[in-house]
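Taking it in order: structure first as structure tokens, then the write-up.
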Amino acid sequence: MELWQLLAFAFAMGMATSGVAASALSSVLDVRAGFHPPFVRPRRLAVSLLITALAGPMMLFNDLAQARRAGRSGVLMTLAGIVVACLWALALGILVAELAWHAGILVT
């Protein structure tokens with residue numbers, strides 16, 4: 001595999017992981033995933049960090065879309081947020097692929 005294929009696979013895996021985590025949390029809690037309670041709580045820091053690490057890119061996309069619709073975010077700020085969310089999804093995908101490879105789920 002070439003580098004661009006590996007990066008595309010890791011990005012897709014990160015987006016899928018984030019989407020599944022955000023959808024599961026949203027369906028359980030009946031609230032759109034975002035950087036607000038009940039997803040992020042200072043009193044339960046470890047749980048909040050785990051939720052944010054897994055569902056973070058989709059939480060960021062949700063908050064960006066909401067801010068853009070409300071007129072609180074300009075085009076440049078929205079594009080910057082999208083770049084950050086994509087890089088976050090790429091990093092998450094690399095982590096998930098590495099863990100899956102070590103667990104023997106992904107075989108080359």
Side-chain angles (χ1 to χ4, degrees):
M1 269 191 170
E2 293 186 30
L3 180 61
W4 71 269
Q5 292 172 323
L6 293 172
L7 291 176
F9 178 74
F11 176 73
M13 186 174 272
M15 288 301 286
T17 302
S18 179
V20 167
S23 294
L25 288 169
S26 293
S27 66
V28 167
L29 298 173
D30 256 355
V31 178
R32 178 174 272 190
F35 292 104
H36 51 76
F39 300 104
V40 179
R41 290 185 181 170
R43 290 171 46 191
R44 298 195 316 188
L45 188 61
V47 174
S48 293
L49 286 174
L50 180 64
I51 289 171
T52 303
L54 290 177
M58 285 299 162
M59 292 167 67
L60 185 54
F61 277 129
N62 285 339
D63 285 349
L64 283 170
Q66 186 177 10
R68 185 74 181 139
R69 279 191 298 269
R72 294 183 313 226
S73 178
V75 174
L76 190 59
M77 189 60 71
T78 303
L79 289 175
I82 289 171
V83 168
V84 168
C86 288
L87 290 174
W88 190 344
L90 177 64
L92 178 63
I94 291 170
L95 178 67
V96 170
E98 186 71 21
L99 291 173
W101 185 72
H102 282 295
I105 297 169
L106 285 179
V107 179
T108 56

For residues [X] and [Y], report the shortest heavy-atom separation together with the two atoms involved.
X: Gly93; Y: Met13; result: O-SD, 3.9 Å
X: Met58; Y: Ser18; result: N-OG, 3.0 Å
X: Ala53; Y: Leu92; result: O-CD1, 3.7 Å
X: Ala33; Y: Ser26; result: N-OG, 3.2 Å
X: Phe61; Y: Cys86; result: CZ-SG, 4.3 Å
X: Val75; Y: Arg68; result: CG2-NH2, 3.3 Å

Are [X] and [Y] connected, step by step, through hydrophobic side chains (Ile, Leu, Val, Met, Phe, Trp, Tyr) whose heavy atoms are closer than 4.5 Å?
X: Leu87; Y: Leu60; value: no
X: Ile51; Y: Leu49; value: no
X: Val31; Y: Leu64; value: yes
X: Trp88; Y: Ile82; value: yes
X: Leu29; Y: Val47; value: yes

**Request:** For Glu2, check side chain to side chain donor-acceptor pair (under 3.5 Å) against everything at least two apart and list the hits.
**Result:**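 Glu2: side chain to side chain donor-acceptor pair (under 3.5 Å) contacts with Trp4.
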
**Message:** According to side chain to side chain contact (heavy atoms under 4.5 Å, CB included), who are the partners of Ala89, at least two apart in sequence or on a separate chain?
**Reply:**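 Ala89: side chain to side chain contact (heavy atoms under 4.5 Å, CB included) contacts with Phe11, Met15, Pro57.
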
**Message:** Counting neighbours of CG on Leu76 that are heavy atoms of other residues, nucleotides or ligands and sit closer than 6.0 Å, is the number greater than 12?
**Reply:**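 Not more than 12 within 6.0 Å, no.
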
**Request:** Say whether, by atom type as modelled, one donor and one acceptor occur between the side chain of Asn62 and the main chain of Gly34 under 3.5 angstrom.
**Result:**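 Such a contact is absent between Asn62 side chain and Gly34 backbone.
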
**Item:** Distance, nearest 0.5 Å, that separates CG of Leu7 from CD1 of Ile94
**Value:** 6.5 Å

**Message:** Under the side chain to side chain donor-acceptor pair (under 3.5 Å) definition, can you give me all pairs with a residue in residues 49-60, not counting sequence neighbours?
**Reply:**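 Listed once each, the pairs would be none.
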
